[in-house]
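Scroll down for the structure; my scribbles are underneath it.
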Amino acid sequence: MSTFYFIAFLSIFFSILVISAKNPVHSILYLILTFFTFTIHYILMNAQFLAIVNFIVYMGAILVLFLYTLMLINLNKESEPVKPFMVKIAAVFGGGILAVALVSSLKSLGVSDPVVLKNPELGLVKNLGKVLFHEFLLPFEVSSVLLLSAMVGAVLLATKDPKEPKATI
Amino acid sequence: MELADIAIKFGLIIIIFLISLVVAMYSTYAERKIAAFFQDRIGPNRAGPFGILQPLADGAKMFMKEEIIPTNATPFLFIVGPSLAILTACIGSAVIPWGQDLVIGGKVIPLQVTDINVGILYIFGVVSLGVYGVMIGGWASNNKYSLLGAIRAASQNISYEISMGLSIIALLLVTGTLSLGEIAQQQHGWHWNVIYQPVGFILFLVCAFAETNRTPFDLPECETELVGGYHTEYSSMKLGFYLFAEYINMFISSAVMATLYWGGYNYPGMDWVTAHVGPVIGPLIGTAVFFVKIFGFIFFFMWVRWTIPRFRYDQLMDLGWKILIPLAIANIVVTGIVITLFN
């Protein structure tokens, strides 16, 4: 249990650093550390497959692409957008009200009962595969179709319309 | 776990770590000798007999050189880059089965540091983490050439990871397990996976070249276009770490290929040999066979480097996305159909 509290503290600490870091590249690096602590959480819950997939997909692929994009952007002080003072005040008020709403709604929920798994080995690859492809086959396939349609949509947005006249450079 | 077990594990980790470092060190010597052989030269022959002390001389030179951190670089990340590169190169060896279990005085000693049941995915995780060393170092150098090298490394790694993963899926259909220890056991004798998965092996081999940044895919450090690529600004041992990490990666990927496709420590007639020489020498012969396979792959890496010229960047991307990925998917489909028909 003490391991959990230590890792949970690290997760929150790094995620605060993500939003408070001045340099966007540093904030991505803190985000990588945050995801790494999530991987440790999954291992503590004996969900090996989820842990390693979180490691490969989020830490290894998606955040590399984030970093890739940020490195290509010109990150000078001059290009930083300067927001007017009133907008900042409004943002603080809006954020505060949202926080109050969230806290009050969580309070009305009461303390959640911790779910006790019938099978503690559920997170291992073999059991997870059986559950996904027997009990939850339909939702699994539907979500894969959803991802495919998103991919096709992205390709469609990226390709230029052939009928449109080419822009002269 | 008893104290003796912990001591054995600790000793095993130290030995594997030392072996990977020594192999990487002498890979640099082998590379020069092999390059010399292919180009009809003599190669290094001054330090010691046949130049055998050349890696030590290089190491001493690297440590003695002046350490430079450029004025406009980000100092902390500039140091983190090479450290991360060497760290990720060294942790990959934890799941590789180096041999059958040794039995000494009734005590079973497994020659594998840990047999986690997602072993292959662990290797993938380590590989995908490896690109951060290059990216962080390239960005922190604050140099356009370094940045371009880092960006090339990132896109190359991500593109080839996909076809690598797909080629592994076909292998998993055959083996039915993700644990490297079990995969090595299943290939007992001559039942090597390369017989069942020849296309998958070739795909994996090409992707391994791309993931270790070896020629013909060494675009991140393409000196004709990018000076020195991501390590342009590096000097002294920090540069040494980047170069050394490449050789350790080569060693580890050779070991992974030998385990997954070429039977690991298995060889034809191993039962007969073990029955004759006893349960201690037998597994050690298997380990020696495993290392022969690894050295064969390392030689192949070097052979290709001094034979095939570098790709152009768009050719690299075309190969990855338009040839390897469709081929890998076709391989999965064919493997799946064959398994369904014959089982």
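Residue numbering restarts at 1 for every chain, and letters A, B, ... go by the order of the sequence lines.
- You'll find the side chain of A/I52 stays beyond 4.5 Å of the side chain of A/T39, heavy atoms only.
- Taking the six-membered ring where tryptophan is involved, the planes of B/F217 and B/F209 are perpendicular, since the angle between them exceeds 60° and thus also 30°.
- Of residues 155-170 of chain B, those residues lying under 4.5 Å from chain A by any heavy-atom pair are B/S155, B/I158.
- Heavy-atom pairs under 4.5 Å with chain B were tallied for A/L67, A/L65, A/I56; the largest tally goes to A/I56.
- Under the 3.5 Å distance criterion, with hydrogens and angles disregarded, a donor-acceptor pair is assigned to the side chains of B/T335 and B/Q197.
- Heavy atoms from other residues, nucleotides or ligands lying under 6.0 Å from CZ of A/F6 number 12 at most.
- The candidate from B/V118, B/I151, B/V131 with the greatest count of non-hydrogen atom pairs under 4.5 Å with chain A is B/I151.
- Note on ring orientation: taking the six-membered ring where Trp is involved, the planes of B/Y242 and B/H231 are tilted (angle from 30° to 60°).
- For A/F38 and A/F35, the gap between ring centers is short of 6.0 Å.
- For A/L63, the parts sitting under 4.5 Å from any heavy atom of chain B are the backbone and the side chain alike.
- The side-chain contact (heavy atoms from CB on, under 4.5 Å) check on A/I62 picks up A/V57, A/Y58, A/F66, with sequence neighbours excluded.
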Could you pull out all donor-acceptor pairs under 3.5 Å where a side-chain atom in residues 120-130 of chain B meets a protein atom, sequence neighbours excluded?
unit_1	atom_1	unit_2	atom_2	d
B/Y122	OH	B/I91	O	2.9
B/S128	OG	B/F124	O	3.2
B/S128	OG	B/G125	O	2.8

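- Between B/I96 and B/V256 there is a side-chain heavy-atom pair separated by less than 4.5 Å.
- For residues 318-331 of chain B, heavy-atom neighbours of chain A at less than 4.5 Å comprise no residues at all.
- A/H26 is listed as a side-chain neighbour of B/T74, based on a closest heavy-atom distance under 4.5 Å.
- Taking the six-membered ring where the residue is Trp, the centroids of A/F14 and A/F36 are separated by 6.0 Å or more.
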